[in-house]
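What follows is a single structure, written as structure tokens, with notes after it.
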Amino acid sequence: MKRSSKLAEVKEKVSNKTAEIKAKRSLRSYVWMYFIFFTAFILILIWLFQYFFLERYYQSAKIRDITDAANQIIQAYGTDQQEVTNRSLAFDNSLCVVITDEMGNPLVMENNMGAYSHLNKVINKGYGIGLFKMISQLKQSDDNYITKIAQNENFKSKEIFYCTSIYTDDSDKQAYLFIESSIEPIDSTVSIIREQLIYITIILFELAFIVTMYISKRLSKPIVDITNTAKKFGEGDYTVEFNGHGYCEIEELSTVLNSAKDEIQKVSELRKDLIANISHDLRTPLTMVKAYAEMIRDLSGDNPVKRQEHIQVIIDEADRLSSLVNNLLELSKLESGNAELKLTDFSIVDKLNDCMTRYQILIEQNGYDIKYIPDEDRVITADIAKLDQVIYNFINNAINYTGDNKVIRIKQINKADVVRIEVTDNGKGISKELLPKIFDRYYRDAKVKRDVVGTGLGLSICQEILKAHGFAYGVQSEEGKGSTFWFEAKITKQESKTVQKMESRLSLSGLEEK
């Protein structure tokens, strides 16, 4: 009941998560919305400028033009180009230009606004109260010029009045420049622009809708394709191929997913092989245990000799099961990195001689030719129990695969900083195709049948132990000529220094003899 309730709870969580994902918007809809919002923002910005800022912008632009004209008039004042400059600027910009002295008497005047010019009336009628006010405001102001916007009743439009001072070398000849310019009514222009904006807005929204639909579909299509492929892959279809074209990032993602798919497929196949092999290894001893237990019950229960034989078979098969389970646990611990190494310094020659004594019975009773070919003794640093396990696995593996003459050689080769241990058999060898897989933690060749029963995990355990030590290892094999499994154990630092001293002494003695 508990198990079924947990399963129902898991299914409910999965369904809720699926519903939650479906409730979220897709990438395509997000891209579409972002483009539409961006278009709407641009249009709102344009409308704001046209409705609220167009008149202000126009006035500021007009003041800039008048200021530029005033600077040119001031530069030309008192020169031969004065009249030409004033007339040209007044004509091109529809200005009324007046230069007066400090008392308001006109010194220069150029009118291109006609009789309705306010400055023209003031000068002609001789009352310059407005001019004196502007001069007074200019003197009180911190700016170089002042402007005033007023309504012209004759033109029914606004006008800009500009006033600035003209400084000369002679203080008695202080002059003031006045410029009058009409602000042309832009209401009709604005209405035309706004009418155009309505059509532009409609066209832009239609274009934005079409373009964003196309772009969002184009952007999201490779991701949608990869997602659909990933769903099939998640359902166990390892034949799928991730294809992403058009964008560099999508192509890189496809490459990574294809690599991950290949690795997962490989691990899945190897896991199946491992389960099948372990199931086979478990089934045989369990069958034997059951069969011999039934034989004790039915046949040999009263026969002490037979009963003892049958009980011994059960014990052996139970030991085999225990060994298999222990190896699986050890391999799992090594792969997870939880196994701690107890490093000690010990003699490699003593260790190998000790190993050889354990095979003495096998040599005498079964005719195996197992020999250890030593080199000078070296002290290495390693976990003695785990390295012992590696050596035994290599030798047992050689016993399982050796040829009919049962020749096995354990060879020690001393190098500068390491001791190389080789275990060679004269069996059938390993093909080049299988060599890369021989240490794989899930691999087991179905074609090979061993004479000596084992768990099939020995080489995988050896690989993890040697990796944990940081020792180099490998296998050399040729079909029909046997195989050599090897590893290189690092010697201690003190031993390394001693070896270097001995080598230097030998080289010196050799030179002296010469």
Side-chain angles (χ1 to χ4, degrees), residues 48-79 81-114 116-187 189-190:
L48 284 173
F49 272 99
Q50 294 299 327
Y51 263 96
F52 298 101
F53 305 118
L54 181 62
E55 187 174 352
R56 295 179 186 177
Y57 179 78
Y58 176 72
Q59 289 180 3
S60 63
K62 195 73 175 176
I63 291 172
R64 278 200 309 271
D65 292 341
I66 293 173
T67 304
D68 291 340
N71 291 331
Q72 295 181 48
I73 292 169
I74 292 171
Q75 289 177 3
Y77 181 69
T79 65
Q81 298 295 321
Q82 174 180 322
E83 185 178 353
V84 176
T85 301
N86 293 349
R87 188 172 299 161
S88 174
L89 289 171
F91 178 80
D92 292 339
N93 298 282
S94 298
L95 305 177
C96 179
V97 178
V98 178
I99 298 177
T100 69
D101 58 15
E102 196 163 3
M103 301 303 296
N105 300 315
L107 302 175
V108 176
M109 183 172 180
E110 194 70 46
N111 181 21
N112 199 54
M113 296 182 64
Y116 293 106
S117 168
H118 181 74
L119 285 178
N120 184 60
K121 288 181 180 180
V122 168
I123 296 299
N124 290 333
K125 291 184 178 181
Y127 55 88
I129 299 174
L131 300 182
F132 285 116
K133 285 184 178 180
M134 292 187 71
I135 291 173
S136 177
Q137 291 175 4
L138 177 64
K139 289 180 178 180
Q140 295 175 4
S141 175
D142 295 330
D143 296 328
N144 294 328
Y145 66 89
I146 61 169
T147 57
K148 181 180 178 182
I149 298 175
Q151 186 73 31
N152 189 317
E153 296 179 356
N154 295 318
F155 287 151
K156 294 182 180 180
S157 65
K158 293 180 180 180
E159 288 183 335
I160 296 176
F161 293 92
Y162 178 94
C163 176
T164 187
S165 59
I166 301 175
Y167 296 96
T168 60
D169 296 335
D170 190 353
S171 59
D172 295 334
K173 295 182 179 180
Q174 181 69 42
Y176 292 92
L177 170 64
F178 295 90
I179 298 177
E180 179 186 4
S181 176
S182 175
I183 300 177
E184 297 177 5
I186 59 172
D187 294 341
T189 305
V190 170

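Along the sequence shown, the residues carry numbers beginning at 1.
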Nearest non-hydrogen partners of [X] and [Y], listed with the distance:
| X | Y | answer |
| --- | --- | --- |
| Met109 | Cys96 | CE-SG, 4.3 Å |
| Lys62 | Ser181 | CE-OG, 3.1 Å |
| Pro106 | Thr100 | CA-CG2, 4.0 Å |
| Met134 | Cys163 | CE-CB, 3.6 Å |

Please check if the side chain of [X] supplies one atom and the backbone of [Y] the other of a donor-acceptor pair under 3.5 Å.
| X | Y | answer |
| --- | --- | --- |
| Ser136 | Phe132 | no |
| Thr164 | Asn144 | yes |
| Asn93 | Leu89 | yes |

Query raised in the report: Would Lys148 and Gln137 satisfy side-chain contact (heavy atoms from CB on, under 4.5 Å), going step by step from the backbone distance to the final call?
Result: CA-CA 11 Å; Lys148 181 180 178 182; Gln137 291 175 4; 5.6 Å; no
Query raised in the report: Picking from Leu107, Ile166, Leu138, what satisfies side-chain contact (heavy atoms from CB on, under 4.5 Å) with Tyr176?
Result: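 The residue from Leu107, Ile166, Leu138 that satisfies side-chain contact (heavy atoms from CB on, under 4.5 Å) with Tyr176 turns out to be Leu138.
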Give, for atom [atom1] of [X] and atom [atom2] of [Y], the distance between the pair rounded to the nearest 0.5 Å.
| X | Y | atom1 | atom2 | value |
| --- | --- | --- | --- | --- |
| Ile99 | Gln82 | CD1 | CD | 5.5 Å |
| Ile146 | Gln140 | CD1 | CD | 9.5 Å |
| Glu180 | Asn112 | CD | CG | 11.5 Å |
| Ser88 | Gln81 | OG | CD | 10.5 Å |
| His118 | Phe178 | NE2 | CZ | 10.5 Å |
| Thr147 | Ile160 | OG1 | CD1 | 7.0 Å |

Check whether any side-chain heavy atom of [X] lies under 4.5 Å from a side-chain heavy atom of [Y], and answer yes or no.
| X | Y | value |
| --- | --- | --- |
| Leu95 | Glu110 | no |
| Val108 | Val97 | no |
| Ile179 | Tyr145 | no |

Query raised in the report: Quick check: are there more than 12 heavy atoms from other residues, nucleotides or ligands sitting under 6.0 Å from CG of Asp68?
Result: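 Yes, CG of Asp68 has more than 12 neighbouring heavy atoms, counting only those of other groups under 6.0 Å.
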